[in-house]
Every structure is written in C-alpha cells, then in structure tokens.
Colleague: 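Quick one: the structure is below, and I'll ask about it shortly.
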Amino acid sequence: MLIKVKKGWELPESAAMDEGAYRNRRDILRQLSLAGFLAGTTLATGIGGRMARAAETDPSADLYPVPANSLYQVPERPLTAESDATTYNNFYEFGSHKRIYEDAQALKIRPWDVVIDGMVESPMTLDIDTLLRKVQLEERVYRHRCVERWAMTVPWSGFPMSQLVDIAKPLSGAKYVKMQTLADEETMPNLSASWYPWPYTEGVTMAEATNDLTFLVTGLYGKPVPKQNGAPLRLALPWKYGFKSVKSIVRFTFTDERPVSYWEELQASEYGFWANVNPDVPHPRWSQAEEQLLTSGDVVPTQIYNGYGEFVAHLYDGMQAEFGDRLFR
Ligand SMILES: Nc1nc2c(c(=O)[nH]1)N[C@H]1C(S)=C(S)[C@@H](COP(=O)(O)O)O[C@H]1N2
Ligand SMILES: [Mo]
C-alpha cells in the first residue's frame, strides 16, 4: 500500500524551477502530470526493504562504514533524512522527474568497468571492485546545492579524486578531465529520447580534479551508494551546482580540450562549464539567493561557493575578467 504525503519542500517545485523546463511543452506537461500523480500518492514503505536487500548483495558492502574525515562536517545543518536523499533524485537517464528511485533499481552495477583514457601514460580499464581496494575510503558530510534551489546535507563515502588522478598518471599537457555516465538503453528508459545528448557528460579542470574537496563517491549513509544516487561511482563537487556531480561514471578522459557537458549542450545560456554556486548571480529564470532544505523544508540563504570558498575560491583567482558571471552559472 502506498501512502503518499506531499513534503513541504516539494511545493515550490513548479516547472519554473526545473532544470529541464525550458524544453518543449510536451515535456513540461508530462512533468506536471507526474507532479500531480506524485502529489496524490508518497513514499513506498517497501523501498527501505528493497534498498537494504540491494545493499546486501553489493560486493562492496563489507567496506562500510568507513572512517569520518573530521575536516569535512556540516555542524550547522541537520542531516537530510536518508529516506529523502534516496527517493528525491535527479537522474535523467531514468526520467525527467524526481521519483526515479524505483526505476533506477534496474541499473546493473556489476560487472562495472571504469575506463581511464586520453592524455595518460597508459590507458587502462579498472574493475570497480579493484579500484575500491586501491583507494583510501573515508566519509565526508557535504552540502549539496541543486541549481533548481533545493539542497541537502548528506554523508558521502568515497575518496578524493586526486587519488584517481594519481592512478591515471596524466601527461603534463592534460588540462581537463571529462567524465561520462553509463548509457545503457536496456535499463535507462530516457535514452530512447534521442534529443538528449547522451551519455551524460561532465568535466573539470585538472586544478579542480586535484582539489581536496573533489570527491568520488562510492557510499552514502555508511552503505554502498544506492543506484538512484549514482552507484557505483559518482562525483561530489559541493561548491558547484549539483548537475556537475555526474553519476554512475564509466569513463574518465584526460584531455587538453574543455569538455562540453550534457546540460551545457542542452542549454548553454543557463548551464555552463563552471557553475560555481553564487547567491548573487541569478539563474536566467530564477533567483539563486536562497535554497530550500530537503526534509525540514527550511528556506535558508545560499552561500558563495556553497560555503566552501576557503577551499576553492583561489581556483578562480584572476578569471573574473575572462568569464564574468559565467563562473557562476
Ligand atoms: N548521469 C547523471 N548524473 C547526474 C544527473 C543526471 O540526471 N544524470 N543529475 C544531476 C543533478 S541535476 C543533481 S542535483 C544531482 C542529484 O544527485 P542526487 O539524486 O544524489 O541528489 O545529480 C547530478 N548528476
Ligand atoms: Mo540539480
């Protein structure tokens, strides 16, 4: 029996705040009818059990929980409820709405190969379980700020991306890392929507990739990361809008050309390469001054670099003249 109660923080999720809403009317109507459906029905009580079973069968389950890194904690905000962070998601491969968690269970996360190629000493393919045992896992609590204005605070497990860069041994000419999500038509229903530029792609500069905040996520709430949150390997870039934090990564390509990301290709004027959080630079269709926390529904001021300026502001020194507000969108 599904009992659906609309959460307070779902209310402002109108088409006007949706990353995908600039799209065509048909898409918007589809989203609205889904929103209506969701308003009437909520959380499946069975999902906890199903996800617990999924975690049991994950061959990396024995690695968790991992030690917490005391440098990365968020004492001023309550943790988002696990049941919200794992049932209110953006994962367009499974649908352009928030309730993809059931459909996302179709994602096959083993075997899972991670390709490292491009400008590296020697390209390689690593099985995820081999990779997991080559790196040092830790837990970090990060704020996450979606460009749509919702935000969460969750304990990710994973490892700094710099460890992957060390494994990759990039050539000195490499300037960027391009990352790609799996594109599997058999399990991802939205891949048949061919107007989207699949695979979902994102990129960072080498300086961003090796910044200590840049975290490759393998777990969430002390367990393997659920499929809907980007199993078995996703990125967390807490100072950038959430769309930069690409899920279910199968490929890291080191390159000297700036990658064009999924959202940039769809709508470059709204979603750029840098996408650093800044309350003073509005999205073209809405203000970014505030954000609404999942679970509590509280609306709080958004912070420059999502509060992580001490770690990352220096990465953008001297770039304002060239990029202006595009550093923040
Ligand atoms: N492959 C892929 N990665 C993705 C997305 C997506 O649609 N596909 N959505 C992004 C957006 S817009 C956000 S806000 C975060 C959401 O992560 P969460 O569902 O774990 O909260 O994932 C990002 N990574
Ligand atoms: Mo997002």
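These numbers come from the heavy atoms of this one structure, side chains and all, not from hydrogens, waters or symmetry mates. Numbering of ligands and ligand atoms starts at 1, following listing order.
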Colleague: Looking only at distance, does W156 have an N or O less than 3.5 Å from an N or O of ligand 1?
Modeller: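 Not met; the criterion fails.
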Colleague: Quick check on K244 - does any of its heavy atoms sit under 4.0 Å from an atom of ligand 1?
Modeller: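 Contact absent.
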Colleague: Just so I know, are the side chains of F159 and V217 near enough to count as touching, which here means a heavy-atom distance under 4.5 Å?
Modeller: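 No - every pair of side-chain heavy atoms lies 4.5 Å or more apart.
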Colleague: Taking C-beta and beyond as the side chain, do Q288 and T302 meet within less than 4.5 Å on heavy atoms?
Modeller: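 Q288 vs T302: side chains apart.
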Colleague: With a cut-off of 4.0 Å, which atoms of ligand 1 are near a heavy atom of F243?
Modeller: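 The atoms of ligand 1 under 4.0 Å from a heavy atom of F243 are 10 (C), 11 (C), 12 (S).
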Colleague: Is there a nitrogen or oxygen of N90 sitting under 3.5 Å from a nitrogen or oxygen of ligand 1?
Modeller: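 In this structure, N90 places an N or O atom under 3.5 Å from an N or O of ligand 1.
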Colleague: Quick one: which ligand 1 atoms are inside 4.0 Å of a heavy atom on C146?
Modeller: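 Selected atoms, number and element: 14 (S).
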Colleague: I need the atoms of ligand 1 closer than 4.0 Å to a non-hydrogen atom of N229, numbered in the order shown.
Modeller: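 Those of ligand 1 that fall under 4.0 Å from N229 are 18 (P), 20 (O).
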Colleague: Do Y196 and Y271 sit in one hydrophobic cluster, given that two such residues count as connected whenever their side-chain heavy atoms are within less than 4.5 Å of each other, even indirectly?
Modeller: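 Linked within one cluster.
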Colleague: Any idea which protein heavy atom is nearest atom 21 (O) of ligand 1, and the distance to it?
Modeller: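 Nearest neighbour among protein heavy atoms for atom 21 (O) of ligand 1, to 0.1 Å: M152 CE, 3.1 Å.
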Colleague: Any N or O on E93 sitting closer than 3.5 Å to an N or O of ligand 1?
Modeller: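 Yes; at least one N/O pair falls below 3.5 Å.
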Colleague: By number and element, which atoms of ligand 1 are closer than 4.0 Å to a non-hydrogen atom of N89?
Modeller: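 Atoms satisfying the 4.0 Å criterion: 18 (P), 19 (O), 20 (O).
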Colleague: Please identify which of these residues, N229, V246, T181, meets the side chain to side chain contact (heavy atoms under 4.5 Å, CB included) condition with R234.
Modeller: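 Going through the options one by one, the only one that passes is N229.
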Colleague: Any heavy-atom pair between the side chains of L63 and R133 that's under 4.5 Å?
Modeller: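 Side chain of R133 against side chain of L63, heavy atoms only: contact under 4.5 Å found.
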Colleague: Salt bridge check: are E202 and K247 linked by an N-O gap of less than 4.0 Å?
Modeller: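 No, this pair does not count.
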Colleague: Measure the CD-CD distance between E264 and Q267 for me, rounded to the nearest 0.5 Å.
Modeller: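 E264 CD to Q267 CD: 11.5 Å, rounded to 0.5 Å.
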Colleague: Test W263 against Y92 for ring pair (Phe, Tyr, Trp, His ring centres under 6.0 Å), laying out the working first.
Modeller: CA-CA 11 Å; W263 283 103; Y92 266 56; 5.2 Å; yes
Colleague: Which bit of Y271 gets closer than 4.0 Å to ligand 1, counting heavy atoms only: side chain, backbone, both or neither?
Modeller: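 Neither part.
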Colleague: Heavy-atom distances under 4.0 Å decide this one: backbone, side chain, both or neither, for H144 against ligand 1?
Modeller: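 Side chain only; the backbone of H144 stays clear of ligand 1.
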Colleague: Nearest heavy atom to atom 19 (O) of ligand 1 wins, so pick from E19, Q180, K98, K247.
Modeller: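 Going through E19, Q180, K98, K247 one by one, K247 has the nearest heavy atom to atom 19 (O) of ligand 1.
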Colleague: Of all the heavy atoms in R234, does at least one lie under 4.0 Å from an atom in ligand 1?
Modeller: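 Yes, R234 has heavy atoms under 4.0 Å from ligand 1.
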Colleague: Decide yes or no for Y241 and C146: does some side-chain heavy atom of the first lie under 4.5 Å from some side-chain heavy atom of the second?
Modeller: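 No, side chains not in contact.
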Colleague: Is the shortest heavy-atom distance from the side chain of K227 to the side chain of Y101 under 4.5 Å?
Modeller: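 No, side chains not in contact.
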Colleague: Can you pull out the closest protein heavy atom to atom 7 (O) of ligand 1? Residue, atom name and distance to 0.1 Å, please.
Modeller: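 Nearest protein contact, heavy atoms only, for atom 7 (O) of ligand 1 is Y92 N, 2.7 Å.
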Colleague: Does the residue Y262 have a heavy-atom contact with ligand 1, meaning some pair of atoms that are separated by less than 4.0 Å?
Modeller: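 Checking ligand 1 against Y262, which is what was asked, there is no heavy-atom contact under 4.0 Å.
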Colleague: Flag Y88 as yes when one of its N or O atoms lies below 3.5 Å from any N or O atom of ligand 1, and as no otherwise.
Modeller: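 No; every N/O pair is 3.5 Å or more apart.
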Colleague: Atom 10 (C) of ligand 1: which of Y200, F91, Y101 has the nearest heavy atom?
Modeller: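 Comparing heavy atoms across Y200, F91, Y101, the nearest one to atom 10 (C) of ligand 1 lies in Y200.
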Colleague: In the structure I gave you, are the side-chain heavy atoms of F323 and W274 within less than 4.5 Å of one another anywhere?
Modeller: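 They are in side-chain contact.
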Colleague: Would you mind listing which atoms of ligand 1 come within a distance below 4.0 Å of any non-hydrogen atom of S245?
Modeller: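 Answer, ordered by atom number: 22 (O), 23 (C), 24 (N).
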